[in-house]
Amino acid sequence: MDLTSFTQYVLSGLVIGVIYALMAVSITFVHGMMKIVNWSMGEFYMIGCFVQYLLVTRFVGPDLWVLGIPVAFCLVFLFGMGIQRYLLRPMFMGEAERLDEYATIITITLMVLFRNLAIIIGGPYQYSVPDYFPPTDLGPLPISGNRFMALVGTVLILGVFYFVMKKTWAGRALQGMSQNRIGIQTAGINVRRLDEIAFGIGVGLAAAAGALLAPVFLVWAESGSVPTMKGFEIIVIGGLGSIPGSIIAALLLGLIESLGSVYISSVYRDLFGFVFLILILVFRPNGLFGERERLA
Amino acid sequence: MPHLKVENLRVGYLPGIDILQGMSLEAKPGKITGIIGPNGAGKSTLLKAAFGFLKAHEGSILFNGNPIQDESPAAIKKRGISYIPQGANNFPQLPVKENLLLGCWIFRKDKERIERVLEETYEMFSVLKKKHGQRAGLLSGGEAKMLSIAKELVTSPSLALVDEPSAGLSPKITDYVYEFLAKKRDEGLTILIVDQNIQKAVEYSEYLYMFEMGTVKMEGEQKVFAGSIREIIRDSLVGAGDE
């Protein structure tokens with residue numbers, strides 16, 4: 001084994017890990033804020049993929065591909081706010097008996113609905129977004145231009161997300177809401193509005209991930225299923241509710257998949273992550289960075 | 001004009017089941033008004049309704065003459081009412097200072113005012129200044145309670161709804177909390193307080209209401225209650241409905 005190829009495998013694993021991270025962060029963010037699992041997260045990702053595909057192939061062309069990310073984020077952000085307001089809010093209003101069941105039913109319904117709508121609109125075809133960036137080198141690793149841009153884009157989006165959460169009033173309120181819903185209301189914050197914003201940001205991040213990854217993977221009705229599966233794997237490994245945990249777990253998963261495929265067998269690529277997940281569940285059931293649930 | 005006036009209020013958690021069954025009371029300006037009574041009498045329910053957490057099925061809640069029974073907690077907070085729930089109501093993963101900043105939410109654009117109230121708060125509670133960078137979840141029970149109180153009072157409210165300020169605290173810290181509330185009252189804050197600790201509630205309140213089964217069983221000046229405190233405690237321990 002020579003060092004150069006080992007470095008390449010590690011790097012390519014980390015690149016995949018960073019790409020997984022955005023989806024995982026969006027899932028864990030929604031879970032942390034609203035204490036629900038959003039089973040339709042992958043479909044918001046899929047919407048992001050289609051937005052990017054349509055923009056690049058029909059509307060603005062490949063030169064302005066970067067536009068797809070904010071457009072997908074904003075559209076899905078607004079859409080998510082609406083969904084939160086009209087479909088999910090009743091569960092916070094004392095009208096639903098079992099909150100987790102309510103959310104599960106609603107979000108699984110949305111998943112089925114969006115997938116089938118995508119089939120009706122786009123047909124059962126897989127689309128590919130044309131390359132918009134030439135292949136390049138990441139250290140010793142030759143990398144496709146689109147994958148490189150997905151990497152850079154993810155890092156930038158996570159950076160902006162971190163800044164918003166740590167340095168702005170809205171981010172402070174969102175952090176507070178994930179820890180103590182009563183405390184947010186006694187501070188005079190409109191918690192319903194904040195719920196809408198939280199859900200909107202969560203699904204918007206998934207859509208941004210979709211827009212970034214549209215040219216890396218294929219675009220079709222079930223684009224979202226693999227990222228969702230990986231996302232859930234990652235957030236359980238990292239610890240539910242922990243954003244740093246999900247980023248580190250995403251990198252680990254990327255590494256394990258990459259090194260496992262090279263040194264064991266690429267046939268079992270998806271298996272390695274699940275073996276790792278089972279080990280984590282056995283030895284650290286709260287995940288690597290599991291945080292305590294909020295008080296109220 | 002009374003600060004808070006509750007008239008014929010019917011409130012509950014479920015439709016058709018009223019915990020408060022036509023409750024009327026007042027919190028007089030610049031005074032501490034105490035509410036005592038057995039478990040389940042509706043004491044905390046009243047405070048939750050006054051802060052907009054529960055919607056009135058019937059009746060009204062007037063604050064300075066304005067009906068607030070249909071308003072959200074956020075709107076009520078802006079009117080100058082603060083609600084201090086039972087126990088620690090902090091954000092455990094955030095540092096003490098961030099907790100206080102979130103308390104300043106309704107005037108978050110006014111940087112000067114934030115600076116000023118933080119300074120005032122640190123002056124009142126030196127321990128919060130010392131631990132301003134520490135996560136709130138790591139504070140002791142007494143410190144966490146002080147943070148919870150300070151966080152709601154940074155907005156300089158004119159009315160504070162205080163639920164069970166002594167619950168889970170040592171007698172020494174309970175004394176401290178009540179002394180602090182009395183000092184705030186002397187500075188003009190109107191306080192409506194609910195406490196299981198009848199002795200403390202009677203000691204510090206100028207006027208008291210005793211609840212039973214969602215109605216006012218007895219009300220009066222402090223001296224009325226102070227004379228019969230043993231009987232009141234006995235009754236409330238035995239609970240409602242045994243007569």
Side-chain angles (χ1 to χ4, degrees), chain A residues 28-29 31-33 35 85 89-90 92-99 162-198 239-245 286 289-296, chain B residues 12-15 47-48 51-55 71-95 97-111 114 135-137 144 147-155 157 160-163:
Chain A
T28 204
F29 178 76
H31 178 271
M33 289 301 144
K35 304 296 174 239
R85 181 169 195 159
R89 182 186 287 174
F92 294 110
M93 304 286 284
E95 289 162 25
E97 292 214 339
R98 289 288 309 270
L99 303 185
Y162 180 85
F163 176 82
V164 168
M165 289 301 285
K166 291 285 174 191
K167 301 285 174 199
T168 67
W169 280 96
R172 191 176 278 143
L174 287 167
Q175 285 188 71
M177 183 167 77
S178 75
Q179 297 166 27
N180 180 355
R181 235 180 131 74
I182 300 287
I184 279 298
Q185 296 176 79
T186 58
I189 299 171
N190 184 343
V191 79
R192 294 185 200 168
R193 191 87 189 139
L194 204 57
D195 275 333
E196 288 172 14
I197 292 171
L240 277 179
S242 166
I243 287 170
N286 286 332
F289 297 85
E291 288 179 12
R292 278 186 19 214
E293 290 285 288
R294 70 175 165 210
L295 295 174
Chain B
Y13 297 88
L14 296 169
L47 296 192
K48 284 182 196 158
F51 198 68
F53 280 126
L54 294 170
K55 289 286 160 255
E71 291 189 350
S72 68
I76 290 172
K77 179 90 179 185
K78 287 195 189 85
R79 284 189 180 275
I81 300 181
S82 279
Y83 170 60
I84 301 170
Q86 185 175 348
N89 178 40
N90 302 323
F91 307 107
Q93 312 280 351
L94 291 179
K97 188 180 174 191
E98 294 279 312
N99 271 267
L100 291 170
L101 285 175
L102 272 173
C104 300
W105 177 266
I106 58 173
F107 54 90
R108 62 190 175 283
K109 302 220 167 79
D110 190 344
K111 278 191 184 144
I114 290 173
R135 285 180 171 203
L147 176 60
S148 302
I149 295 175
K151 179 164 88 62
E152 304 310 333
L153 295 185
V154 287
T155 54
L161 308 165
V162 188
D163 196 2

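Residue numbering restarts at 1 for every chain, and letters A, B, ... go by the order of the sequence lines.
Interface residue B:E98: backbone and side-chain heavy atoms are both found under 4.5 Å from chain A. For a residue to count as touching a neighbouring chain, one of its non-hydrogen atoms must lie under 4.5 Å from one of that chain's; by this rule B:L101 touches chain A with backbone and side chain alike. Both the backbone and the side chain of B:Y83 come within contact range of chain A, with heavy atoms under 4.5 Å apart.
Residue B:F53 places its CZ atom among more than 12 non-hydrogen atoms of other residues, nucleotides or ligands, all under 6.0 Å distant.
Under the 3.5 Å distance criterion, the side-chain polar atoms of B:K151 are matched with a main-chain donor or acceptor of B:N89. For A:N180 (side chain) and B:N90 (main-chain N/O), a donor-acceptor pair under 3.5 Å exists by modelled atom type. A donor-acceptor pair is defined here as one N or O able to donate and one able to accept, closer than 3.5 Å; such a pair exists between the side chain of A:Q175 and the backbone of A:M165.
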